[in-house]
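For reference, the structure discussed in these notes is given below.
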Amino acid sequence: MVRFFFAIAALFVSAPALAQSETDVLSPAEFRDHLGAHVNAVEGYSVTPLEDTRLIVRNGDQEARINIRDAYDRYLADPAALPEVINVYVATILEATTENKLDDLVILINSVDFIENSMSPEFKDRFLASRGFVGDLAMFLAIDSPRMVRLVSPNDLSDWGITEVQAWAIALQSTPERNGQLTLSPAKRYENAYLITAEGGLGASALADPEFCGPQGNGELEGSVALLTSNEMFLIGHPGLKGSLEGFWNAARNVVETG
């Protein structure tokens, strides 16, 4: 399952068709502008190009910085499917406008400077503060749905009629339930390295579950080391897996060096 991290969403509407021959292939910037035209067509929304494959989408006092590299790659795989690709990604943005339920609350694990790096200064204080996790990682309250994950704002708490303390308690309980079965599998790119993913898609969030990784656990992960690679998975080295500690550190060095 592919998930996208947005702070807001736009409504899907029809935008002017792009004049394009069957042999033309859009550049990243042209694709960005075409996708942006669909969002700009929604009343109250505006799009500002940030980079060739990144957009800033604004709606009132809300802002999202969206990386559309995956969308562009899918378009390149089949340029004739441009309308379908655009529809899918605009629909993905649309999904954020649906009513969210309390059991959509989850804990997201990311770097402590995640908000700092992904939001403009004037918007970064509009989301709930993170909680320290370990090292340079922090826990964030987020809303999970099949196509996207977004951070929780004070307005969300007001809509639900709960406090921030209550929201954290709900997220702590709902995260493992939404993640479902965890899977340990070999990392294809690295020898003797292993990844943990989750059926629900937010494998890294399993690290916030005290019954999986904490004093309430059964001790099976004792002596393990982990490296977060994305919201969806993390590398793990475990003494009980032959060669996995060495494989973990080799993979971790490669991940750090290549960014």
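Since we're looking at a predicted model, the values are computed, not measured. We use all heavy atoms of the structure for the numbers below, so side chains are in, but hydrogens, waters and symmetry mates are not.
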Would you compute the distance between atom [atom1] of [X] and atom [atom2] of [Y] and round it to the nearest 0.5 angstrom?
| X | Y | atom1 | atom2 | answer |
| --- | --- | --- | --- | --- |
| Asp104 | Ile170 | CG | CD1 | 11.5 Å |
| Leu141 | Leu172 | CG | CG | 10.0 Å |
| Ile109 | Ser130 | CD1 | OG | 10.0 Å |
| Phe140 | Ile107 | CZ | CD1 | 12.0 Å |
| Leu157 | Leu102 | CG | CG | 9.5 Å |
| Arg253 | Phe248 | CZ | CZ | 10.0 Å |

What closest approach, in Å, do [X] and [Y] show between heavy atoms, and which atom pair accounts for it?
| X | Y | result |
| --- | --- | --- |
| Ala251 | Tyr190 | CB-CG, 3.5 Å |
| Ala206 | Asn179 | N-ND2, 3.9 Å |
| Phe31 | Ile68 | CD2-CD1, 4.0 Å |
| Asn40 | Val47 | OD1-N, 2.9 Å |
| Ala193 | Leu235 | CB-CD2, 4.2 Å |

Within the side chain of [X], is there an N or O that forms a donor-acceptor pair under 3.5 Å with the backbone of [Y]?
| X | Y | result |
| --- | --- | --- |
| Tyr75 | Pro28 | no |
| Asn250 | Gly247 | no |
| Arg32 | Glu51 | yes |
| Thr183 | Thr197 | no |
| Thr48 | Ile56 | no |
| Tyr194 | His238 | no |
| Asp136 | Ser111 | no |

- [ ] Report the C-alpha distance between Asn231 and Leu108 in whole Å, list the side-chain angles of each, state the deciding distance to 0.1 Å, and finish with yes or no for side-chain contact (heavy atoms from CB on, under 4.5 Å).
- [x] CA-CA 7 Å; Asn231 293 329; Leu108 188 73; 3.6 Å; yes
Do [X] and [Y] have side chains that get closer than 4.5 Å, going by heavy atoms?
| X | Y | answer |
| --- | --- | --- |
| Asn67 | Thr53 | yes |
| Leu128 | Pro154 | yes |
| Leu195 | Ile236 | no |
| Trp249 | Val225 | yes |
| Val106 | Ser205 | no |

Open item on the list: Does Leu202 form a side-chain contact (heavy atoms from CB on, under 4.5 Å) with Thr175? I'd like the steps, not just the answer.
Closed with: CA-CA 9 Å; Leu202 294 177; Thr175 298; over 6 Å; no
